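See below for the structure under consideration.
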Amino acid sequence: MIIDSGTAKMTTVLRDKFEMLSNMKPSLEDGEYVFCSLPNEGSKVHNLNPIATFHEREGLAVVLEKGEAHGAGFETSLAMRQITLNVNSALDGVGLTAGVAACLAEAGIPCNMVAAYHHDHIFVPAGLADRALQLLISLQGDSARAMRNVDGQ
């Protein structure tokens, strides 16, 4: 259990693969995003509003809203949609990322996983987002049924 200092509420954190998958409640967020890279010189985000950043050897990776990226001169042909997994998964939980990635890979859907403090986020090509969401909803249901079958035995 953790206490979220931002909201002062206690939250149960899940670590078990099937508990995380059966409670993930995927939701498709509004907007389209692109992954971009800024040069290492200073690695500052100058007048940009990224929803995520990561320092890599090659530069500062940023995830930007597609319109903002286009306005800043970045390549925007690979627009992505964001699916949020609304489960409180532990940072040391095992199986959520693998289960989601395997489900999408089996359907030929590429995904980029971003683990944040409260939730995991999946970025998929914009044209495949609705299909990805439906697959993840099915995976959630299958995982819940598998848990009930194990508990019922």
Side-chain angles (χ1 to χ4, degrees), residues 2-15 17 19-143:
I2 62 168
I3 298 176
D4 183 339
S5 61
T7 61
K9 68 178 181 178
M10 293 195 303
T11 305
T12 300
V13 178
L14 303 177
R15 286 183 171 75
K17 172 184 177 178
E19 283 185 333
M20 290 185 292
L21 290 170
S22 66
N23 288 286
M24 64 182 174
K25 300 181 230 57
S27 62
L28 184 60
E29 307 298 334
D30 291 333
E32 293 186 357
Y33 299 91
V34 293
F35 284 70
C36 308
S37 182
L38 300 171
N40 269 323
E41 302 90 49
S43 291
K44 300 215 185 220
V45 184
H46 305 291
N47 300 319
L48 298 174
N49 297 301
I51 63 165
T53 62
F54 198 87
H55 290 272
E56 300 181 289
R57 282 186 296 276
E58 300 84 357
L60 179 66
V62 295
V63 181
L64 298 170
E65 189 275 328
K66 182 180 175 182
E68 180 179 20
H70 179 74
F74 289 105
E75 170 61 41
T76 60
S77 62
L78 183 55
M80 309 288 268
R81 295 283 309 274
Q82 177 186 349
I83 298 173
T84 297
L85 303 180
N86 295 290
V87 61
N88 290 314
S89 58
L91 290 172
D92 61 352
V94 176
L96 178 63
T97 299
V100 166
C103 173
L104 296 177
E106 189 174 299
I109 298 176
C111 68
N112 290 285
M113 304 291 295
V114 175
Y117 185 81
H118 293 285
H119 303 287
D120 292 275
H121 308 273
I122 307 156
F123 290 85
V124 298
L128 300 173
D130 290 328
R131 175 79 177 123
L133 180 63
Q134 290 309 310
L135 288 167
L136 295 177
I137 290 169
S138 292
L139 175 62
Q140 178 181 338
D142 293 346
S143 298

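Just so you know, these numbers come straight off a predicted model, no measurement behind them.
- Between Val34 and Ala79, the shortest heavy-atom distance links the atoms CG1-CA, 4.1 Å.
- By the side-chain contact (heavy atoms from CB on, under 4.5 Å) test, Gln140 is found to be paired with Met24, Lys25, Pro26, residues two or more places apart in sequence or in another chain being considered.
- Leu135 has its side chain out of reach of Leu139: every pair of non-hydrogen atoms, C-beta onward, lies at least 4.5 Å apart.
- Of all heavy-atom pairs between Leu133 and Ile83, the closest is N-CD1, 3.9 Å.
- For Glu68, there are no side chain to side chain donor-acceptor pair (under 3.5 Å) partners at least two apart in sequence or on another chain.
- With hydrogens and angles ignored, the 3.5 Å screen pairs no side-chain donor or acceptor of Arg15 with any backbone N or O of Val94.
- Looking only at side-chain heavy atoms (C-beta outward), Thr84 and His121 come within less than 4.5 Å of each other.
- Listed here is the closest heavy atom pair of Leu21 and Ser143: CB-OG, 3.3 Å.
- Counting all heavy atoms, side chain and backbone alike, Pro50 lies closest to Val62 at CB-CB, 4.0 Å.
- Annotation: side chain of Gln82 is in contact with side chain of Ile51 (closest heavy-atom distance under 4.5 Å).
- The two residues Arg81 and Ala126 make their nearest non-hydrogen contact at CG-CA, 3.5 Å.
- A distance of 8.0 Å separates OG of Ser27 from CG of Leu85, quoted to the nearest 0.5 Å.
- Residues Thr97 and Ser89 fail the side-chain proximity criterion, which asks for heavy atoms closer than 4.5 Å.
- Residue Cys36 comes nearest to Ala69 through the heavy atom pair SG-CB, 4.1 Å, listed as atom of the first residue, atom of the second, then distance.
- No side-chain heavy atom of Asn112 sits under 4.5 Å from any side-chain heavy atom of Tyr33.
- Note that the CD atom of Glu65 and the CG atom of Leu48 stand 11.5 Å from one another [nearest 0.5 Å].
- Side-chain contact between Asp120 and Val100 is absent, with no heavy atoms from C-beta onward closer than 4.5 Å.
- In this structure, Asp92 places its CG atom where more than 12 heavy-atom neighbours from other residues, nucleotides or ligands lie under 6.0 Å away.
- In this structure, CG in Asn23 is found 9.5 Å from CG in Asn88, a value given to the nearest 0.5 Å.
- Atom CD in Gln134 sits 10.0 Å away from atom CG in Leu28 (nearest 0.5 Å).
- At least one donor-acceptor pair closer than 3.5 Å links the side chain of Glu75 to the backbone N or O of Ser77.
- In this structure, CG in Leu104 is found 6.0 Å from CD1 in Ile122, a value given to the nearest 0.5 Å.
- Between the side chain of Glu56 and the backbone N or O of Glu58, no donor-acceptor pair lies under 3.5 Å.
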